[in-house]
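Reviewing the structure listed below.
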Amino acid sequence: MPKKIIITIARQYGSGGREIGERVAEILGIPLFDKQLITDAASHGNLDVEILKKADESAANSLLYTLAMGSNVLGTAMSFGYKMPINDKLFILQSKVIKDYAEAGSCVIIGRCSDYVLREREDVFKVFIYGDLEHRQQRVRERHPEIKSSQIMDVINKTDKRRSSYYNFYTGNKWGKYDNYDIAINSSSLGIEGTAEMIVSCVRQLMAD
């Protein structure tokens, strides 16, 4: 395993995946990329960042359903005068930005199908974070007091469905399926700190080999 490592983190809503990623990045002293991806994608494609934010993590029926991702798709679509949906533009631009991040050095990348985008690299450690439903409900309740208790399950289900649809649509793989990742961890068992430490331990072992 090369001395550079890119850690991709996919996560269920309420599992604490983003906070775990932040902690992993902090312990290892490497950058974390999350919402910044949208801003960088907008800059890369000269698009309005607010428009891209609205399209973030949503799936739309489009030409990319049957075509492989990549710059050739964008070129082909444009050459035939096809007006590419904003969701597809976002996915392509974010994929380019993710590859740039990975090329630049070690980092942690949250979501955005990053495990799939970087699937051909050998220096990627792919993580999926899940959690017990009770703990996820409690976490959402604590972090988002504005959400009514009666609506929490609906928010969890809809958010997970949106993430799953986005991932399945653009990758052709199944979100959360174990063989898409190097490790899947139940954060309810270890907590934020314990889960982060387990990931760091795995990464350090890989880099030592």
Side-chain angles (χ1 to χ4, degrees), residues 4-60 62-64 69-75 77-78 82-121 123-129 140 143-144 146-147 155 158-171 175 192 196 199:
K4 181 174 71 174
I5 190 74
I6 297 95
I7 304 162
T8 65
I9 296 182
R11 75 282 186 215
Q12 288 183 328
Y13 186 65
S15 66
R18 178 178 290 108
E19 291 78 8
I20 291 167
E22 291 172 348
R23 184 62 182 133
V24 168
E26 181 182 8
I27 294 173
L28 294 174
I30 59 178
L32 176 137
F33 298 108
D34 184 11
K35 294 297 184 182
Q36 180 184 344
L37 267 165
I38 303 174
T39 302
D40 290 345
S43 177
H44 190 84
N46 294 317
L47 297 174
D48 188 317
V49 67
E50 293 305 319
I51 292 177
L52 288 190
K53 284 181 179 179
K54 290 179 181 179
D56 183 38
E57 286 194 352
S58 65
S62 70
L63 188 65
L64 286 191
M69 56 156 277
S71 58
N72 289 338
V73 174
L74 184 58
M78 293 182 69
Y82 171 71
K83 188 176 181 181
M84 182 174 287
I86 190 65
N87 305 78
D88 295 348
K89 290 181 181 178
L90 174 58
F91 179 73
I92 290 174
L93 290 170
Q94 282 190 156
S95 296
K96 291 180 178 178
V97 170
I98 286 170
K99 290 177 180 179
D100 288 344
Y101 291 158
E103 198 62 34
S106 296
C107 60
V108 177
I109 304 175
I110 305 294
R112 276 70 181 187
C113 304
S114 50
D115 59 281
Y116 175 81
V117 173
L118 302 176
R119 64 193 181 281
E120 295 179 357
R121 298 185 64 101
D123 53 0
V124 179
F125 186 63
K126 301 179 290 292
V127 180
F128 186 84
I129 306 294
V140 173
R143 292 184 60 81
H144 299 283
E146 73 278 7
I147 300 177
V155 171
K158 285 183 176 179
T159 304
D160 277 352
K161 184 177 181 180
R162 179 162 51 87
R163 290 177 178 175
S164 176
S165 296
Y166 180 86
Y167 184 91
N168 298 352
F169 181 84
Y170 282 110
T171 71
W175 183 75
I192 301 298
I199 294 171

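Just so you know, residue 1 is the first one in the sequence shown, and it goes up from there.
A distance-only check finds no donor-acceptor pair linking the side chain of R162 to the backbone of T159 [under 3.5 Å]. Between the side chain of S95 and the backbone N or O of F91, at least one donor-acceptor pair lies under 3.5 Å. R11 places no side-chain N or O within donor-acceptor distance of the main-chain N or O of G16, the cut-off being under 3.5 Å.
Among residues two or more places apart in sequence or in another chain, the salt bridge (charged side-chain N to carboxylate O under 4.0 Å, His left out) test is passed with K158 by D154. Applying the salt bridge (charged side-chain N to carboxylate O under 4.0 Å, His left out) criterion to D160, with sequence neighbours excluded, gives R136. Shown here are the salt bridge (charged side-chain N to carboxylate O under 4.0 Å, His left out) partners of E22, two or more places apart in sequence or in another chain: there are none.
Rounding to the nearest 0.5 angstrom, the gap separating the OG atom in S114 from the CD1 atom in I6 is 10.5 Å. Rounding to the nearest 0.5 angstrom, the gap separating the CD atom in E26 from the CD atom in E19 is 12.5 Å. Taking CD1 of I7 as the reference point, atom CG of L28 lies at 5.0 Å (rounded to 0.5 Å). Separating the CD1 atom in I109 from the CD atom in Q94 is a distance of 10.5 Å, to the nearest 0.5 Å. Atom CG of D34 and atom CZ of R18 lie 4.5 Å apart (nearest 0.5 Å). Interatomic distance, T171 OG1 to Y166 OH, rounded to the nearest 0.5 Å: 10.5 Å.
Residue R143 qualifies as open at atom CZ: its count of foreign heavy atoms under 6.0 Å is 12 or below.
The two residues W175 and F128 make their nearest non-hydrogen contact at CE2-CE1, 3.7 Å. K126 and D115 get closest at one heavy-atom pair: CD-CB, 3.4 Å. For the residue pair I20 and S15, the shortest heavy atom distance occurs at CD1-O, 4.1 Å. Listed here is the closest heavy atom pair of P31 and S106: CD-O, 3.4 Å. For K35 against R112, the heavy-atom pair with the smallest separation is CD-NH2, 3.9 Å. Taking each heavy atom of L118 and A102 in turn, the nearest pair found is CD2-CB, 3.8 Å.
Side-chain contact between Q36 and Y101: present, with at least one pair of heavy atoms (C-beta onward) separated by less than 4.5 Å.
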